[in-house]
Amino acid sequence: MTDILGNPLNMQYELLLPEIILALTALAVVFVDAFKREFNVGYRALPFLSLIGLGGAAVATVLLMNDQGDFARLVEVDDFTTFFRLLFISTTAVVILGSWEYIEEHVNHVGEFFGLLLLSTIGAIYMAAARDLLTAYLAIEVLSFSLYVMVSMARNDPRSGEAVLKYILLGGVASAMLLYGLSLLYGVAGSTQYSEIGEALTGGSGDMELALLLGFVMIVSGLAFKASAAPFHMWAPDAYEGAPWPVTAYIATTSKAATFALFLRWFAGPLLPAVDDWAWMLASLAVVTMVIGNLVALQQHNLKRLLAYSSIAQVGYLLMAVAALSTDKGSETAGALLVHLGGYLITNLVVFIAIIHFYNREQKEEITDLKGLAQSNPYLALVTTAGLFSLAGMPLLAGFFTKFILFQAVADAGYLWLVVVAVVASTVSLYYYLVVIKQMYLYEPLAEGRWRITPTGYLVTGALFVVMVVLGLWGTPLYEVADAAAKALFISA
Amino acid sequence: MTESDGYVLLALFLVPLGTSALLMAVPSRERALIMGLTGLSSLAMFAMAVYTFVSYSFVDGSQFEGVLAFDWMQNVGFLGENGIQLKVGIDGITASLVLLTGIVVVPGTWVSWKVQNRMKDFFILLYLVTAGVFGVFVLLDLFFWFLAYEVALLPMYQLIAVWGSTRKEYGGMKLMMMLMAGSIFIFTAIFALFTEVGAGTFDMEVLLNAEKSRDFQLVMFPLVAIGCGVLGAMFPFHSWSPDGHASAPTAVSMLHAGVLMKVGAFGVLRLGFQMMPEGGEFWGPALVVLGITAALYGAISALRQSDMKLLMGFSSVSHMGYVFVGLGVYNSIGWTGAVLQMTAHGLMTALFFLLIGGLYDQSHNRDLPNFSGMAKQMPIWTMLFLFAALASLGLPGLSGFIAELHIFIGAFRAYPIVGGLAVLTAAITTTYLMRAMAQSFFGEMNPRWNHLHEITMMERAGATMLAISILTLGLWPSPWIDRIGPSIVQIANL
């Protein structure tokens, strides 16, 4: 089969099998929800069904791991795609498994919620897999629109409506900027295909220099919005605060990671020849983001807002690695970014799932509400503490290892000054994490008595905790997988 | 030492780490079980530390003994051959520091059995610190070295903030943030070092022997010296130390002043002088100036303290000043003195903090002006305290003398004026210690303290153990000098 320009098209549908499974599951979930009474099933069937679908998609991904290639010049399935497929599928599964009690209790329209969660996973995967600007843009919108709706689904919480309004307006502006930037890029390169853009830019942009630069400004701003990098981060604290907890967790993990997958696909691929035009933009964004994220976090008293600013700070660290991409050491830098992304996802999930279970019990989300948790629920306090320490990059935990690798890679790429900023910033971050930990360990609880969390809560937090500790001590498997994924990025480019 | 002794080195930090993990599984009401477990574990550490020290002997031409390496990750990303390894090995310097840690941890464990509030959690954190300290001394891979370094610092905040006394939240947070700020410098230096050498490995043996440009050494040495110097309470980065010590619980003060501060000084030696000799030569005089300033400043400040622990905190700053003087003079006798002083100060300050803790637990007061005539009420305590004070002011026959003698000789050789000031400091040390003793031990007995008892049996045992070690080092220092000296000479010749 060929397209209208005569390019041969590969229509191997099994390349898309994991996403086909996810899409069908999403439909099935919404369908079952609509006909609950006829099928005689309860709400519990919906997360169960979603998990089965995710499991199926994961199995399909693993089985077809060696079946690589591009699909119709739109989607590239390689090690990089496989890495993110597994990452996103497992993140969604963990979010569902860790918070189905919360969703049942505090979310409107449970069926649609699970359906959108699955659809947004597809969007995230295709952000990593696209090999054409239009596919990438569509994938971004699939993810974003699902998120807009999910943010608004908190039951009986007026902040939810406010949050979604801010999120959707700013997100719309960001999309517009991104699209404008992409059209400028298309104007310079003459194609929407990554490979052809890369070739066009290698030859130099000639007299189109200014258009290209403007395009980069637009693209970087648009992506910075999506990744909530300062100074484009304003929506994040409000959206985090208003959204239901699982959605907050999901925005902090999958949505961020997908944006960085896209960053890597673009900036390590077609845009790499023009590295001198954009590296300084990303480096300065990284500095601003690290500084603002960490300093503003010092003043937060709401847990969600604290985590929002903490994740903004983490975005700063990740942006450093994008800025440090280069032709000769690119795959080392990209690999380190992927390692930290993996560590960041696991750590953040630990913290979020633990706090979701705290919320399930106490229905509170101020930092001071954690008072005395070490006595009322020592297990949850330990897990949360370990997660926060890992976010701060403390040893024996995943955060130490992944941050070490990331910083070393950036330093190796000749950006030692950026690393100095990052190390200082991450020391500042320790202070606000310690403030939370202090609440749990130093003060007496407000109410007497110990309490427990649900069995699935123990299962999910326990498993994540173990993974976090093991990665901190023996991160070799993660590093090897990430390295393979990063290498694939450079082969295809 | 043979290669199989490498497993002992490995066990040195795996035993406390394993004990920590094991304790998590023990229910917190089983106090006897926790005591048994920690007692056993601390004795095992002591035995292994002694074995390590005894079996170590200098072999000409080899930098480290008992070297044992396991692959961790290699040939992935920016890591090349042997990228990150779990690698252990010691030289004469670390052999003596391992022994010091092994000696201090036993009484530290014994006196902590008095802790009533959440004893299990206390020991989990205390043994994490211990594991970190042993790790810093025996690990020969920079990645794991730094990991161990951070592990040794991290639990300090909780240990002080939860189990401490007086201004514990302030002291804990100040200590934590200052030490972590110090890590910034070390972090940066490690990244820069890896890039500079460009061998794709964190193996310290490779990094130590690799060529490094002079500019690099001149820029990076101060970073390491400041970063590790913060932990070693180097002037002017010492201000966490008196506050931290004053608010920390007994065992934590012992371990912190006795061992953890030595980790800082050791870091300056290993990562600074050994890794970047040209930088060390250039910046050595600056270190001498800071060191002698700290020695004088600490001693003079100690003259004015009334809180016993603050007194000891400033005294530690002063004594660590000697260490930095010894390092900065850049000759082998000064370095030998610095390492000896680490051991000597570690033992004696641990004894001080143990005794002060023993008093404070009963009196809930440690203001010197409130005490007098304690010699009648607590004779054994007084005797031990006197012993520690004599060791601290450098009485011949006790540990402080031999160490300070080396440093003074080294200082006189390089900068006679500094040697003179160091001797002056020793005189001031005598003054503040004698003042404190005269105030609290002799004179009329204050009836307010009639209810005080002699310190407990466990405390007596721990104090005796430390006192014997002080006496041994003072009377028979040759085992230490035989091990430290050749290693130092070898480093200085590099």
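Throughout, protein chains are lettered first and strands after them, A, B, ... in sequence-line order, and every chain is numbered starting at 1.
By the 4.5 Å heavy-atom criterion applied to side chains, A:L416 and B:T195 are not counted as neighbours. The side-chain heavy atoms of A:Y479 and B:L79, taken from C-beta on, include a pair separated by under 4.5 Å. Between B:Y157 and A:K438 there is a side-chain heavy-atom pair separated by less than 4.5 Å. The closest side-chain heavy-atom distance from B:T188 to A:V419 is not below 4.5 Å.
When every heavy atom of B:R118 is checked against every heavy atom of A:A374, the shortest pair comes out as NH2-CB, 4.0 Å.
Taking the six-membered ring for Trp, A:F404 and B:F202 have ring centres closer than 6.0 Å.
A:T427 places no side-chain N or O within 3.5 Å of a backbone atom of B:I184 that could act as its donor or acceptor partner. At distances below 3.5 Å, not a single donor-acceptor pair connects side-chain atoms of B:W72 with backbone N or O atoms of A:G475. The closest donor-acceptor contact from the side chain of B:E150 to the backbone of A:M394 lies at 3.5 Å or more, if one exists at all. Between the side chain of A:D483 and the main chain of B:V76, no donor-acceptor pair closer than 3.5 Å is present.
Both the backbone and the side chain of B:F78 come within contact range of chain A, each with at least one heavy atom under 4.5 Å from a heavy atom of that chain. Contacts between B:F185 and chain A at a heavy-atom distance below 4.5 Å are absent for every atom of the residue. In this structure, the portion of B:L128 lying under 4.5 Å from any heavy atom of chain A is its side chain and not its backbone. With a threshold of 4.5 angstrom between heavy atoms, B:E196 does not approach chain A through any atom at all. Only the side chain of A:Y443 comes within contact range of chain B, with at least one heavy atom under 4.5 Å from a heavy atom of that chain.
Applying the 6.0 Å contact sphere to OH of A:Y458 captures more than 12 heavy atoms from other residues, nucleotides or ligands. Within 6.0 Å of CZ in A:R452 there are 12 or fewer heavy atoms belonging to other residues, nucleotides or ligands. The environment of B:Y7 atom OH is sparse: at most 12 non-hydrogen atoms of other residues, nucleotides or ligands sit within 6.0 angstrom.
In this structure, CG on B:L154 lies 8.0 Å from CG on A:L396, to the nearest 0.5 angstrom. Remark: B:I124 CD1 to A:L382 CG distance equals 8.5 Å, nearest 0.5 Å.
Interface remark: of the candidates A:V428, A:D412, A:V424, A:D412 forms the most heavy-atom pairs closer than 4.5 Å to chain B. Across B:D121, B:V151, B:L153, the residue that shares the most heavy-atom pairs under 4.5 angstrom with chain A is B:V151. The most heavy-atom pairs under 4.5 Å with chain B, out of A:V420, A:V410, A:L442, come from A:L442. Among B:K168, B:E169, B:Q74, the residue making the largest number of heavy-atom pairs under 4.5 Å with chain A is B:E169.
A tilted orientation is assigned to the rings of A:F400 and B:F143, their planes being inclined by 30° to 60°.
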